[in-house]
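Throughout, protein chains are lettered first and strands after them, A, B, ... in sequence-line order, and every chain is numbered starting at 1. Note that these values count all heavy atoms, side chains included, but never hydrogens, waters or copies made by symmetry.
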Amino acid sequence: MKMTGTQAFMKCLEEENVKTIFGFPGGSVIDLYDTILKQDKIHHVLVRHEQAAVHAADAFARVTGDVGVAIVTSGPGATNTVTGIATAYLDSIPIVVFTGQVPTALIGNDAFQEVDIVGITRPCTKHNYLVKDIKDLVPTIREAFHVARSGRPGPVLVDLPKDVMASMINFPAKKEVKMRTYKPTYEPHPGQIAKACKAIMKAKRPVLYIGGGVILGKASKELTEFAKKLDIPVTMTLMGLGGFPGSDPLSLGMLGMHGTYYANMAVAKSDVLIAVGARFDDRVTGKVDEFASGAKIIHIDIDPTSISKNVEVDIPIVAGCKEAMIQMNKWVDAADINLDAKKSEMGPWLEQIKEWKEKHPLSYVEETDVIKPQFVIEKLDELTGGDAIVTTEVGQHQMWAAQFYHFNKPNTLITSGGLGTMGYGFPAAMGAQMAAPGRTVIDVAGDGSMQMNIQEFATIMQERLPIKIALLNNGYLGMVRQWQELFYDKRYSATPMEVVPDFVKLAEAYGAVGLRATKPSEVEPVIKEALATDTCVLMDFVIAREEGVFPMVPAGKATTDMLLV
Amino acid sequence: MKHTISVLLQNKPGVLSRVTGLFSGRGFNIESLSVAQTMDNEISCLTLVTRGDNAIIEQITKQLHKLIDVIKVTDISETDYVEREMALIRIKAESSTRAEVLRIADIFRARVVDVSQKSYSIEVTGSQGKIEAVTELLKPIGIQEIVRTGSIAMTRASKKY
Ligand SMILES: Cc1ncc(C[n+]2csc(CCOP(=O)(O)OP(=O)(O)O)c2C)c(N)n1
Ligand SMILES: [Mg+2]
């Protein structure tokens with residue numbers, strides 16, 4: 001059937017089962033938008049800034065476990081996506097971003113709204129394409145989705161010149177994507193699995209250290225089975241939270257810079273460290289030489305470049321996390337092992353961990369007249385039954401959310417871990433709520449970050465999304481202020497927010513509901529009211545201004561060098 | 001340590017910049033680089049010389065391999081291999097030194113490719129060491145210009161049969 005490039009484009013999205021796209025129009029995609037208007041299979045969400053379209057697509061991907069899609073125009077539309085793309089890249093999130101481009105004849109001429117977006121995004125995409133010929137359009141889009149979602153997922157950008165999209169083609173029949181150069185490894189090497197399992201069987205002080213790969217690889221169930229079968233304690237990176245139930249007694253919570261005392265101690269004293277879908281980021285390892293220095297390290301990762309990049313690994317396993325965990329469970333089940341005896345061997349180690357947990361639990365100093373941010377998160381956890389999808393901005397509030405909310409299921413904490421993008425959480429909440437209409441979605445925000453994508457209130461109201469914003473308002477760029485307090489003699493350079501909008505009125509200006517709590521006693525009623533309201537609600541929690549996030553491992557220090565509450 | 005890495009890649013626009021971008025973005029160094037089509041015109045072969053300890057070289061090969069357009073990565077220096085580089089050198093050659101230039105060229109089996117009243121241009125092919133040796137010898141006479149290709153390399157065919 002003959003059709004235009006824009007029609008073929010929409011058909012490709014249908015093929016990929018895309019139901020929702022996030023975008024913003026402009027000259028070079030005006031034909032595409034005309035086609036979008038003439039169909040009703042795919043819902044287009046009009047954002048108010050292109051960065052938000054990408055963050056929303058990214059969160060949509062995180063919640064659904066499939067590819068998110070954004071569409072923007074050329075030039076400034078395209079450059080506005082870069083932060084969103086880099087955010088998705090560092091967290092390995094599968095999205096496809098389509099950018100309009102000037103007509104092929106004008107490319108390279110510094111035409112109006114022309115930028116070399118393929119060149120700009122080369123280092124922050126998994127791969128990207130410029131479609132110069134209409135006959136390449138459909139195969140390229142199919143390949144883009146395949147690359148985004150397979151292997152170690154990541155963002156892919158496809159640049160679409162206006163004339164190409166206006167040309168006519170016969171829509172080619174659906175074919176499985178086969179690429180000469182790209183074949184990710186999913187199945188682990190059986191020899192390596194056996195080696196790893198034998199090392200684990202001999203371990204006296206094993207720890208599972210899991211990252212975002214467990215969530216992206218949909219390996220949470222298999223990993224949980226493995227940990228529980230052998231009573232191995234589990235610590236999670238920020239990206240791994242929810243990959244193992246946070247309320248389980250075997251959970252050590254998060255490790256690293258703002259990790260728990262017991263997670264960092266357990267890793268430091270472990271004799272076998274099993275890293276699953278984690279990448280030994282500097283925020284996790286602290287001083288690398290002293291990270292798990294007495295442990296034999298097993299590393300399961302789908303990306304060979306992650307293995308032995310920062311820390312020398314003893315038993316590497318290149319595989320999908322799910323596939324690897326399935327094989328490890330099988331190995332243990334097939335081996336002649338008395339699991340009860342094995343578990344009782346864990347006794348002393350679990351006892352030691354219990355001691356650490358009792359000695360330094362996650363805690364804060366409660367107060368009666370001012371709201372402590374940790375208290376707000378605890379209340380949110382309690383009043384949502386730990387079952388909300390929590391998105392976050394970046395800063396102290398993000399760390400408090402990670403520490404004090406119990407994430408029990410994968411894809412429930414939606415946060416910018418790798419890039420640490422302020423302004424992520426609000427548009428991400430939008431993407432998450434579009435992906436899961438029935439769920440409670442809460443953006444835990446800071447007053448600084450909130451102002452970075454505040455315009456999305458309009459999109460949220462237009463889409464009638466009942467998102468809740470828990471704003472931990474300290475009047476500071478708090479995380480930076482904390483560093484200044486601790487390491488720069490309290491010289492608060494450019495961190496006090498001298499002018500802060502009245503967030504309640506701001507919410508109301510967009511037609512949303514604004515609520516404010518200034519005393520601890522108001523926290524619960526405000527949350528209850530917000531949760532009972534079926535429209536967007538911003539909760540402005542005026543919190544203890546100079547509260548710090550603890551424990552804290554100063555950058556570059558060993559993770560056992562923690563500053564405690 | 002010096003490593004010579006051979007990379008087969010899809011012959012598509014922008015591929016070279018993916019490779020060089022990888023090196024600059026991750027702080028790996030490139031000492032030389034040369035690239036041209038193979039017999040299959042959809043595939044290019046890129047030879048690059050880099051330096052680093054084993055961990056760095058391992059990262060370089062893995063990262064190269066991760067690029068979607070890269071077909072094959074071989075650390076040639078881990079095999080038995082031949083490596084060649086070519087240089088074009090213009091040397092000052094006045095009556096007193098003309099014979100000496102020719103003699104040196106002859107020793108290194110270099111060919112004279114251009115002559116003027118005041119200079120010779122020679123073409124010399126060989127390992128990096130050989131090119132460096134010949135330039136060392138010619139320097140005192142007066143090198144006016146030198147252009148080098150960067151290394152290309154190939155694993156030797158197996159001698160077993
Ligand atoms: C786009 C961006 N710019 C700058 C930073 C550096 N940064 C990290 S946390 C932070 C402060 C965030 O302030 P706020 O949102 O109020 O959160 P708080 O730490 O006060 O909870 C800043 C400026 C960043 N992460 N992202
Ligand atoms: Mg703040």
J.: Could you check whether atom NZ of A/Lys183 has more than 12 heavy atoms from other residues, nucleotides or ligands sitting under 6.0 Å from it?
T.: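 Enclosed.
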J.: Let me know if B/Gln63 has heavy atoms under 4.5 Å from chain A in its side chain, its backbone, both or neither.
T.: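 For B/Gln63, heavy atoms of backbone and side chain both lie under 4.5 Å from chain A.
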J.: Nearest 0.5 Å, what's the CZ-CD1 distance between A/Arg180 and B/Ile71?
T.: 4.5 Å
J.: Between B/Lys62 and A/Pro304, what is the shortest heavy-atom contact and its length?
T.: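 For B/Lys62 and A/Pro304, the tightest heavy-atom pair comes out as NZ-O, 2.8 Å.
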J.: Hey, is CE on B/Met86 packed in by over 12 heavy atoms from elsewhere, all under 6.0 Å?
T.: yes
J.: Surrounding CD of B/Glu123 (heavy atoms of other residues, nucleotides or ligands, distance under 6.0 Å), is the total greater than 12?
T.: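 More than 12 within 6.0 Å, yes.
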J.: Does any backbone or side-chain atom of B/Ile60 lie under 4.5 Å from a heavy atom of chain A? Answer side chain, backbone, both or neither.
T.: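 Answer is neither: B/Ile60 stays 4.5 Å or more from chain A.
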J.: Under a 4.5 Å heavy-atom cut-off, does chain B meet the side chain of A/Leu130, its backbone, both or neither?
T.: neither
J.: Counting only heavy atoms from other residues, nucleotides and ligands, does the tally under 6.0 Å from CG of B/Asp40 exceed 12?
T.: yes
J.: Evaluate A/Lys126 against B/Leu67 for side-chain contact (heavy atoms from CB on, under 4.5 Å), listing each step before the verdict.
T.: CA-CA 8 Å; A/Lys126 182 171 172 187; B/Leu67 294 177; over 6 Å; no
J.: So does B/Lys12 pair up with A/Asp136, basic N to acidic O under 4.0 Å?
T.: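 No, no charged N to carboxylate O under 4.0 Å.
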J.: Between A/Arg122 and B/Leu22, is there a side-chain heavy-atom distance shorter than 4.5 Å?
T.: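 Not touching, per the 4.5 Å side-chain cut-off.
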J.: Please say whether more than 12 non-hydrogen atoms of neighbouring residues, nucleotides or ligands are located less than 6.0 Å from CG in A/Asp110.
T.: no
J.: Of the listed residues (B/Gly25, B/Ala55, B/Ser17), which shares the most heavy-atom pairs with chain A below a 4.5 Å separation?
T.: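 Maximum pair count with chain A is reached by B/Ser17.
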J.: Who among B/Val70, B/Ile68, B/Thr61, B/Leu8 has the most heavy-atom pairs with chain A under 4.5 Å?
T.: B/Ile68
J.: Please determine whether the number of non-hydrogen atoms from other residues, nucleotides or ligands lying under 6.0 Å from atom CD of B/Gln37 exceeds 12.
T.: yes
J.: Which heavy atom of B/Asp69 sits nearest to which heavy atom of A/His127, and what is that distance?
T.: OD2-CE1, 3.5 Å
J.: A quick test of your reading: do over 12 heavy atoms of other residues, nucleotides or ligands sit less than 6.0 Å from NZ of B/Lys2?
T.: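 Enclosed: over 12 neighbouring heavy atoms sit under 6.0 Å from NZ of B/Lys2.
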J.: Can you tell me if A/Lys322 has over 12 outside heavy atoms packed within less than 6.0 Å of its NZ?
T.: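 Yes, the 6.0 Å shell around NZ holds more than 12 heavy atoms from other groups.
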J.: How close do B/Lys66 and A/Asp303 get, heavy atom to heavy atom, and via which atoms?
T.: NZ-OD2, 2.6 Å
